[in-house]
Amino acid sequence: MIKKSLKNTILINLGAFLLVLILELLGGWMLVDKYDTLYSFYLWGLGYTISIMTVIWINHFVLIPYLFDRKKYVLYGFLLIGAIFLGVSIKIYPKFSWIGITKMSSFLIYTTGTGMAAFFLRRSALMQRQKEEKEKLQQELELNYLKEQVNPHFLFNSLNSIYALSRQQSKETPEVVMQLSELMRYQLESAKKDFVSLKEELEFIENYLLLEEKRLSKRCAIEFLIEGESSNYKIAPMLLIPFVENAVKHGAQATNAQSTIDVNVSIKNSTLHVHVVNSKHNVASQSTRMGTGLENVQRRLNLLYPNAHVLKINDTETAYHVNLTINITD
């Protein structure tokens with residue numbers, strides 16, 4: 001990384017040197033007849049270029065980083081003036097005159113100011129890019145952390161379901177274990193990806209609900225409806241399942257009374273709308289709904305779909321509604 005940065009700096013400054021040389025030669029081309037030979041004209045242009053770039057390089061690589069950036073402005077000003085006079089001396093040596101010094105000093109002050117403007121603009125652009133790269137890296141680290149937290153959370157809930165079936169000595173326990181195995185296989189595979197097929201993600205949710213339906217037996221009516229074509233879109237993995245898990249945990253699982261869970265998904269014009277609603281009873285209504293799963297998914301939504309999603313949660317006495325809209329333009 002350091003070698004690449006050094007290489008870029010060298011190339012940029014060589015390019016700047018050639019650019020200044022070309023501009024000086026073009027600017028003085030009308031006076032080429034005043035020189036004895038074309039060679040002497042080129043030497044004149046080269047002399048101007050060396051004077052200009054000497055001051056600019058001293059300013060950029062010594063004075064700004066070691067004095068200006070450290071807020072030693074007075075010393076910086078004195079040494080910059082000294083660097084300008086050094087550039088003047090290089091150009092007009094050995095023919096010193098006040099007119100020559102004045103003209104060359106004015107010229108170098110102008111070019112040095114222009115060089116400083118270009119320097120600070122470029123440095124500002126580099127700092128902005130570094131800031132964006134740092135924020136992107138931080139975002140990726142946070143997303144990976146949040147995604148990893150979803151995995152044990154889902155596994156914990158699923159194992160609870162199997163444990164409940166085993167206690168009931170249900171004949172469906174082996175089948176449910178196989179279903180969980182398939183769910184976990186998808187979960188592990190999707191965890192390696194940033195985005196997965198929306199169709200596969202919805203199939204995963206459907207299989208999870210089928211597993212829960214067997215565990216909850218007849219005391220919970222579960223409905224899962226999909227409208228629209230989902231195979232052409234992608235979505236972040238394990239993004240929707242926390243809302244469904246939440247409905248099961250704080251709805252049917254929190255009471256022995258008859259309950260309902262409805263999950264409606266619609267895809268239209270590159271917009272995904274998910275509505276999850278579960279009935280509530282006295283015991284369920286007293287529980288705290290905002291757990292780790294929902295906190296993580298809300299944070300992931302903010303990171304993955306900024307300004308491209310709307311999440312509304314309505315907690316009433318009899319039902320808990322989650323309405324999520326995401327722009328899933330591919």
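As the structure is a prediction and not an experimental result, all values here were calculated from the model.
Residues meeting the ring-ring contact (aromatic ring centres under 6.0 Å, His included) test with F119, sequence neighbours left out: H60. Shown here are the salt bridge (charged side-chain N to carboxylate O under 4.0 Å, His left out) partners of R70, two or more places apart in sequence or in another chain: there are none. A search for ring-ring contact (aromatic ring centres under 6.0 Å, His included) contacts involving F120 returns F68, not counting sequence neighbours. In this view, T49 and F17, V20, L21, E24, M53 satisfy the side chain to side chain contact (heavy atoms under 4.5 Å, CB included) rule, not counting sequence neighbours. Qualifying salt bridge (charged side-chain N to carboxylate O under 4.0 Å, His left out) partners for E189, counting only residues two or more places apart in sequence or in other chains: none. Applying the ring-ring contact (aromatic ring centres under 6.0 Å, His included) test to F224 and every residue at least two apart in sequence or in another chain returns nothing. Qualifying ring-ring contact (aromatic ring centres under 6.0 Å, His included) partners for H321, counting only residues two or more places apart in sequence or in other chains: H275.
A side-chain contact (heavy atoms from CB on, under 4.5 Å) with V55 holds for exactly one of I50, I84, I109; it is I84.
Rounding to the nearest 0.5 Å gives a distance of 7.0 Å between CG of D69 and CD1 of I64. The structure places OG1 of T329 at 10.5 Å from OH of Y305, a figure rounded to the nearest 0.5 Å. Going from atom CD1 of I226 over to atom CG of N264 covers 10.0 Å, rounded to the nearest 0.5 Å. Taken to the nearest 0.5 Å, the CD1 atom of I205 stands 5.0 Å off from the CD1 atom of I241. Taking CG from N278 and CG from N246, the interatomic distance works out to 7.5 Å, rounded to the nearest 0.5 Å. Between the CZ atom of F243 and the CG atom of L324 there is a distance of 5.5 Å, given to the nearest 0.5 Å.
Of the N and O atoms on the side chains of T325 and H273, at least one donor lies less than 3.5 Å from an acceptor on the other residue. At a cut-off of 3.5 Å, with distance as the only test, no side-chain donor of Y186 or E203 sits close to an acceptor on the other residue.
Cluster partners of I12: none. The rule joins Ile, Leu, Val, Met, Phe, Trp and Tyr whenever side-chain heavy atoms lie under 4.5 Å apart, and it links nothing here. I22 shares a hydrophobic cluster with L26; the chain of contacts runs through ILVMFWY side chains whose heavy atoms sit under 4.5 Å apart. Annotation for M178: hydrophobic cluster partners, listed by chain and number, are none (ILVMFWY side-chain heavy atoms under 4.5 Å, direct or chained). Summarising the hydrophobic clusters (Ile, Leu, Val, Met, Phe, Trp, Tyr; side-chain heavy atoms under 4.5 Å, direct or chained), the residues clustered with V74 are F78.
No more than 12 heavy atoms of other residues, nucleotides or ligands sit less than 6.0 Å from atom CG of N269. Surrounding OH of Y66 are at most 12 heavy atoms belonging to other residues, nucleotides or ligands under 6.0 Å away.
Among residue pairs with one or both ends in residues 72-85, those qualifying as side chain to side chain donor-acceptor pair (under 3.5 Å) are N59-Y76; sequence neighbours excluded.
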Q. Under the side chain to side chain contact (heavy atoms under 4.5 Å, CB included) criterion, do R300 and L239 qualify, and how do the steps go?
A. CA-CA 8 Å; R300 288 183 71 199; L239 187 67; 4.0 Å; yes
Q: Kindly indicate, with the supporting measurements, whether the criterion side chain to side chain contact (heavy atoms under 4.5 Å, CB included) is fulfilled by L80 and T112.
A: CA-CA 9 Å; L80 179 59; T112 302; 4.1 Å; yes
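In this structure a side-chain-to-backbone donor-acceptor pair under 3.5 Å is missing from E227 to I267. A donor-acceptor distance shorter than 3.5 angstrom exists from the side chain of E229 to the backbone of S231, with no hydrogens or angles considered. At least one donor-acceptor pair closer than 3.5 Å links the side chain of K280 to the backbone N or O of T316.
Ion pairing between K234 and D194 fails under the 4.0 Å rule for side-chain N and carboxylate O.
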